[in-house]
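Computed from a prediction, not measured in an experiment: that's the story for all the values here. Residue indices begin at 1 and follow the sequence shown.
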Amino acid sequence: MWLDKLKSLKRQSGKTIDQISAESGISKGTVNKIFAGQTKDPQYTTLKAIVNCLGFTVDDLDENDPPSQDVPDLGGSVEMETFVNILKLCGIKIPENSDISDGDYRFLSAMMSAVRDWFNK
C-alpha cells in the first residue's frame with residue numbers, strides 16, 4: 001500500500017510532520033491526514049511535494065521497487081558548486097571548508113527539480 005511506503009520514506013528521512021509541512025508547502029493538517037490514512041486519494045501534486053521534500057521521488061512509492069537513494073535526474077549534470085551558488089544567492093552562508101552531505105545534496109536536487117517543474121508548467 002502506498003501509505004505504508006510513504007511512512008517508510010518518512011522514517012528514512014527522519015523528518016517530522018512540521019518539517020514536512022514547512023518544506024513541502026503543504027498544510028500541517030493535510031500532511032497529518034495523509035500520514036494518518038484519512039485522505040484515501042490525495043492529489044498527485046500533494047504527494048509529489050511531500051515525497052520530494054523527504055528526498056525521494058513519487059516512483060519510490062512503488063512497492064515493487066526499493067527506494068532510490070540516487071539524486072533525481074535534473075536534465076543534466078548539476079555540480080555541487082551550483083548548489084552552493086544558489087544557497088549564497090538565498091543569503092545562506094556556507095563555511096569555506098565545509099561539505100554538503102549526501103542527504104542535503106539529494107534534498108537540494110529534489111527541490112531544484114520541484115522548482116524546475118513549477119516553472120515549466
Side-chain angles (χ1 to χ4, degrees):
M1 175 179 198
W2 66 267
L3 181 57
D4 293 332
K5 190 70 164 196
L6 183 63
K7 288 178 180 180
S8 174
L9 298 179
K10 178 183 175 288
R11 276 191 301 277
Q12 289 177 51
S13 76
K15 293 187 179 181
T16 66
I17 294 292
D18 288 332
Q19 290 171 316
I20 294 168
S21 174
E23 293 173 19
S24 69
I26 307 299
S27 75
K28 184 178 175 182
T30 298
V31 174
N32 269 324
K33 286 179 183 177
I34 289 172
F35 280 99
Q38 295 173 347
T39 304
K40 302 296 181 196
D41 190 19
Q43 292 182 356
Y44 175 81
T45 54
T46 301
L47 270 182
K48 184 175 188 238
I50 290 171
V51 172
N52 286 347
C53 96
L54 296 176
F56 298 94
T57 68
V58 175
D59 290 339
D60 293 322
L61 290 175
D62 183 357
E63 294 179 14
N64 298 321
D65 293 332
S68 75
Q69 294 294 326
D70 297 333
V71 174
D73 180 15
L74 298 175
S77 176
V78 177
E79 297 180 13
M80 188 63 67
E81 183 178 343
T82 302
F83 291 124
V84 172
N85 288 336
I86 290 170
L87 293 173
K88 286 179 183 177
L89 285 171
C90 294
I92 300 169
K93 296 179 182 180
I94 305 290
E96 286 296 320
N97 294 325
S98 67
D99 290 327
I100 295 176
S101 71
D102 288 343
D104 289 341
Y105 184 79
R106 283 193 309 275
F107 170 76
L108 290 169
S109 294
M111 292 305 295
M112 286 184 70
S113 179
V115 169
R116 187 187 65 226
D117 290 348
W118 174 264
F119 286 104
N120 288 332
K121 285 183 187 179

Do the side chains of Gln38 and Asn32 get nearer than 4.5 Å, heavy atoms only?
no

To the nearest 0.5 Å, tell me how far Leu3 CG sits from Phe35 CZ.
8.0 Å

Within the structure provided, determine whether Asp60 and Leu54 are in side-chain contact (heavy-atom separation under 4.5 Å).
no

Would Lys28 and Asp18 pass as an ion pair if we require N to O under 4.0 Å?
yes

Atom NZ in Lys10, atom CD1 in Ile20: separation rounded to 0.5 Å?
5.0 Å

Is a side-chain N or O of Ser24 found less than 3.5 angstrom from the main chain of Ile26, in a donor-acceptor match?
yes

Any side-chain heavy-atom pair of Lys48 and Val51 under 4.5 Å:
no

Verify the neighbour count for atom CD of Gln43: are there more than 12 heavy atoms of other residues, nucleotides or ligands below 6.0 Å?
no

For the pair Thr39 (side chain) and Pro42 (backbone), establish whether a donor and an acceptor sit closer than 3.5 Å, ignoring hydrogens and angles.
no

Does the side chain of Val31 reach to within under 4.5 Å of the side chain of Thr46, using non-hydrogen atoms?
no

When rounded to the nearest 0.5 Å, the distance separating CG of Asp4 from CG of Leu61 is 11.0 Å

Measuring from atom NZ of Lys15 to atom OG of Ser21, what distance do you get when rounded to the nearest 0.5 angstrom?
12.0 Å

Between Asn52 and Ala49 (side chain of the first, backbone of the second, donor and acceptor by atom type, cut-off under 3.5 Å), is there such a pair?
no

